[in-house]
Amino acid sequence: MSDTGGIVLLAGRILVGLFAVNFGVFHLMKGDMMMGFAKSMNFPFVPLAGWPAGVWLVAGGLSVGLGVWPDIGSLMMLVFAVIAAGYFHRFWEVGDEEKMNQTIFFWRNVFIVGASLFMFATFVELGPALRYAITTALIEF
């Protein structure tokens with residue numbers, strides 16, 4: 001990978017990582033609110049919706065942004081987004097007053113799933129050629 005390509009990929013990694021870290025910090029700071037929402041949605045693992053989800057997102061975001069097994073970090077973001085989209089943002093089940101918000105949240109998470117898959121494939125495919133990262137991908141194909 002060229003220096004220019006490495007710098008562009010680094011910028012993307014940092015931006016995606018910051019997004020996940022910011023969202024993770026939100027879960028850490030508003031854990032009670034997140035657990036309340038999880039309870040209202042009948043989520044079977046309510047305590048996971050607070051600080052554990054925040055730690056998960058911060059770890060995934062730092063992994064991608066810093067380049068410490070970024071393939072694993074992208075999978076961490078993917079897992080979170082699949083659960084969030086499929087369990088918490090079922091826009092087809094809510095009333096009209098909440099439908100727009102939940103639709104936006106659902107598609108945001110679908111976008112994160114797509115981005116996570118793209119990042120995962122990129123990190124794994126580049127392997128040792130990944131520039132400006134602390135480690136390479138942990139998974140090899």
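In this chain, numbering begins with 1 at the start of the sequence shown. All figures in this text were calculated on a predicted structure; none of them were measured in a lab.
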Heavy-atom check, side chain of T135 versus side chain of L130, under 4.5 Å: no
Worked verdict on V21 versus L57 for side chain to side chain contact (heavy atoms under 4.5 Å, CB included): CA-CA 6 Å; V21 167; L57 284 168; over 6 Å; no
Cluster check V25, L66: I/L/V/M/F/W/Y, side chain < 4.5 angstrom: yes
Sub-6.0 Å ring centroid separation between H89 and F106: no
Over all atoms of both residues, closest heavy-atom pair of A85 and N109: CB-CB, 3.6 Å
Ring centers of F123, W69 separated by less than 6.0 Å: no
Parallel, tilted or perpendicular, as decided by the 30° and 60° cut-offs, for the rings of F43 and F88: tilted
Main-chain N/O of N42 paired with Y87 side-chain donor or acceptor, under 3.5 Å: yes
Heavy-atom closest contact (M35 atom, P47 atom, distance): SD-CA, 3.7 Å
Non-hydrogen atoms of A20 and G61 that approach each other most closely: CB-CA, 3.6 Å
Same apolar cluster (I L V M F W Y, side chains within < 4.5 Å links), V94/F105: no
Shared hydrophobic cluster for F111 and L15 (ILVMFWY, side-chain gaps under 4.5 Å): no
Criterion side chain to side chain contact (heavy atoms under 4.5 Å, CB included) on M119 and S116, from CA distance to verdict: CA-CA 5 Å; M119 288 186 301; S116 296; 4.2 Å; yes
Donor-acceptor pair, side chain of R131 and main chain of I7, under 3.5 angstrom: no
Distance (rounded to the nearest 0.5 Å) between T122 OG1 and M1 CE: 8.0 Å
N101 side, atom CG; K99 side, atom NZ - distance, nearest 0.5 Å: 12.0 Å
Sub-4.5 Å side-chain heavy-atom contact between L62 and V68: no
Axial cation check for F23 ring with R108, 6.0 Å and 45° limits: yes
Main-chain N/O of I139 paired to D71 side chain as donor or acceptor, under 3.5 Å: yes
Derivation and outcome, side chain to side chain contact (heavy atoms under 4.5 Å, CB included), residues I112 and L78: CA-CA 7 Å; I112 293 168; L78 178 129; over 6 Å; no
Spatial distance of atom CE (M33) from atom CZ (F26) [nearest 0.5 Å]: 3.5 Å
W51 (side chain) donor-acceptor with H27 (main chain) under 3.5 angstrom: no
Flag side-chain contact, heavy atom, 4.5 Å: V124 against E140: no
Joint hydrophobic cluster, L9 plus F118, side-chain heavy atoms closer than 4.5 Å: no
Stepwise side chain to side chain contact (heavy atoms under 4.5 Å, CB included) test for W92 and T103: CA-CA 8 Å; W92 54 92; T103 301; over 6 Å; no
Rounded distance (nearest 0.5 Å) linking atom CG of D3 with atom CG of L10: 11.5 Å
Gap between atom CZ of R13 and atom OG of S63 - 0.5 Å precision: 9.0 Å
